[in-house]
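The structure under discussion appears below in the form of structure tokens.
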Amino acid sequence: MLVPKNSWVTCPNPNTLASLRLFCFPYAGGSALSFRNWSEQLPTTIEVCPIELPGRGMRIKESPFTQMSLLVKELVQSLLPYLDKPFVFLGHSLGALVCFELTRCLRKIGAYTPTHLFVSGHCAPQLPFSVPPIHTLPDAEFIENLRRLHGTPEAALVNKELMQLLLPALRSDFAVFTTYTYQPEFPLKCPITAFGGLQDPVMSCEMLEAWKKQTSAAFSMQMIPGDHFFIHTAQSLLLQFLTQSLNSITDQMSCI
């Protein structure tokens, strides 16, 4: 099935012969570019589909979302045409929360749900983890708080021109963090894999391991050298682990 072009879903290397789609959700202030070269390092059976949220990348002029519920509602409608073959979700930091809530929303409406959920760099949603309401602070204070929270790459924080472009999306993304409230539901039926950085100053192994309560299926966890942004600094190693998991999924599919 050929799917229509969609501003939410990007696909650097379309692969109609792929047996599995990998939807990637970026961290706060991030964009689809964070996953731009993943398809070059993942199996050819995988079609990598990074998600581009409003307010960044090619959608820089669009108003970003400030509430999780509204963001997920729009994502559901945008993704439905792409769910015609098996798929998995992967999200880093804020993206982990987004793909988790998106999975629960798809379940509620009776749509197809991911074969596997990969969550990275964020604690389990049921844990009492709160982000201070920094999105309303003046620019200088907001940026300094971003630095203390270790939620934005330092290379971006020191680039004044880049920050001026990123600030609207970053403020909106942190508003999503601030207003997010976890609501208990039945565990998901798909397996969950959690990735974390061994030197992440905020997210501990215990906080990541708590994701196992969100699934009635298998759970696994992989700690990777690096801080919160191991997704970049240890990308090759992360993709090696991801490749192993994706190959296992496609092997299981071929046996059904």
Side-chain angles (χ1 to χ4, degrees), residues 3 9-27 30-52 79 82-100 102-103 106 112-122 124 153 188-200 203 205 208-209 211-212 214-215 217-256:
V3 295
V9 181
T10 66
C11 189
N13 296 291
N15 181 3
T16 57
L17 299 179
S19 55
L20 188 70
R21 284 195 176 108
L22 168 64
F23 294 100
C24 303
F25 299 79
Y27 48 82
S31 72
L33 284 176
S34 300
F35 313 99
R36 62 186 178 277
N37 63 344
W38 280 30
S39 60
E40 300 169 8
Q41 301 180 61
L42 291 174
T44 56
T45 53
I46 310 300
E47 185 175 45
V48 181
C49 300
I51 299 299
E52 190 75 282
L79 283 185
Y82 293 81
L83 308 186
D84 59 305
K85 65 171 58 177
F87 62 95
V88 297
F89 286 161
L90 179 146
H92 183 71
S93 198
L94 176 61
L97 276 184
V98 171
C99 65
F100 168 70
L102 178 60
T103 301
L106 289 170
Y112 290 113
T113 54
T115 302
H116 201 109
L117 187 63
F118 295 95
V119 291
S120 173
H122 200 286
L188 300 174
K189 293 184 178 180
C190 65
I192 294 178
T193 297
F195 293 114
L198 283 167
Q199 288 77 42
D200 191 325
M203 300 296 167
C205 293
L208 290 162
E209 192 173 14
W211 276 101
K212 65 183 178 182
Q214 293 298 333
T215 178
F219 171 80
S220 60
M221 185 175 72
Q222 185 66 57
M223 301 303 293
I224 296 174
D227 59 15
H228 189 66
F229 290 99
F230 66 88
I231 189 174
H232 296 312
T233 59
Q235 177 180 289
S236 294
L237 183 58
L238 170 64
L239 294 184
Q240 287 179 31
F241 289 126
L242 188 58
T243 293
Q244 293 173 10
S245 295
L246 294 174
N247 281 337
S248 177
I249 293 170
T250 54
D251 287 346
Q252 291 173 19
M253 289 167 46
S254 64
C255 294
I256 297 177

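Count residues from 1 along the sequence.
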Given Ile51 and Val98, is the side chain to side chain contact (heavy atoms under 4.5 Å, CB included) satisfied, shown in steps? CA-CA 11 Å; Ile51 299 299; Val98 171; over 6 Å; no

Gap separating the [atom1] atom of [X] from the [atom2] atom of [Y], nearest 0.5 angstrom:
X	Y	atom1	atom2	result
Thr103	Ile192	OG1	CD1	8.0 Å
His232	Asp227	NE2	CG	10.5 Å
Leu242	Asn247	CG	CG	9.5 Å
Gln41	Ile46	CD	CD1	14.0 Å
Ser248	Leu246	OG	CG	9.5 Å
Leu42	Gln240	CG	CD	11.0 Å

Over all heavy atoms of both residues, which pair between [X] and [Y] is shortest? Give the atoms and the distance, please.
X	Y	result
Cys190	Pro114	CB-O, 3.3 Å
Met221	Cys205	SD-O, 3.6 Å
Pro86	Met253	CG-CE, 3.6 Å
Phe230	Pro225	CB-O, 3.7 Å
Leu208	Met223	CD1-SD, 3.7 Å
Ile224	Ala234	CG2-CB, 3.6 Å

Apply side chain to side chain contact (heavy atoms under 4.5 Å, CB included) to residues Phe100 and Leu188 and explain how you reach the verdict. CA-CA 9 Å; Phe100 168 70; Leu188 300 174; 4.0 Å; yes

Pairing residues for [X] by the side-chain hydrogen bond (donor to acceptor under 3.5 Å, both in side chains) criterion, not counting sequence neighbours:
X	answer
Asp200	His228
Thr44	none
Ser220	Thr193

Report yes if the side chains of [X] and [Y] come closer than 4.5 Å at any heavy-atom pair, otherwise no.
X	Y	result
Phe35	Leu90	yes
Asn37	Gln235	yes
Leu102	Phe23	no
Ser34	Phe229	no

Mind checking whether Tyr112 and Phe87 have ring centres under 6.0 Å apart? no

Evaluate side chain to side chain contact (heavy atoms under 4.5 Å, CB included) for Lys189 paired with Thr113, printing each intermediate quantity in order. CA-CA 9 Å; Lys189 293 184 178 180; Thr113 54; over 6 Å; no

Determine whether a donor-acceptor pair (N or O, by modelled atom type, separation under 3.5 Å) exists between the side chain of Trp211 and the backbone of Phe118. no

Expected output: side-chain Thr45 to main-chain Ser19 donor-acceptor under 3.5 Å: no

Who passes salt bridge (charged side-chain N to carboxylate O under 4.0 Å, His left out) against Lys212, sequence neighbours left out? Glu209

Among residues at least two apart in sequence or on other chains, which ones pass salt bridge (charged side-chain N to carboxylate O under 4.0 Å, His left out) with Glu47? Arg21

Non-neighbouring partners of Cys99 that pass side-chain contact (heavy atoms from CB on, under 4.5 Å), sequence neighbours left out: Phe25, Phe89, Leu117

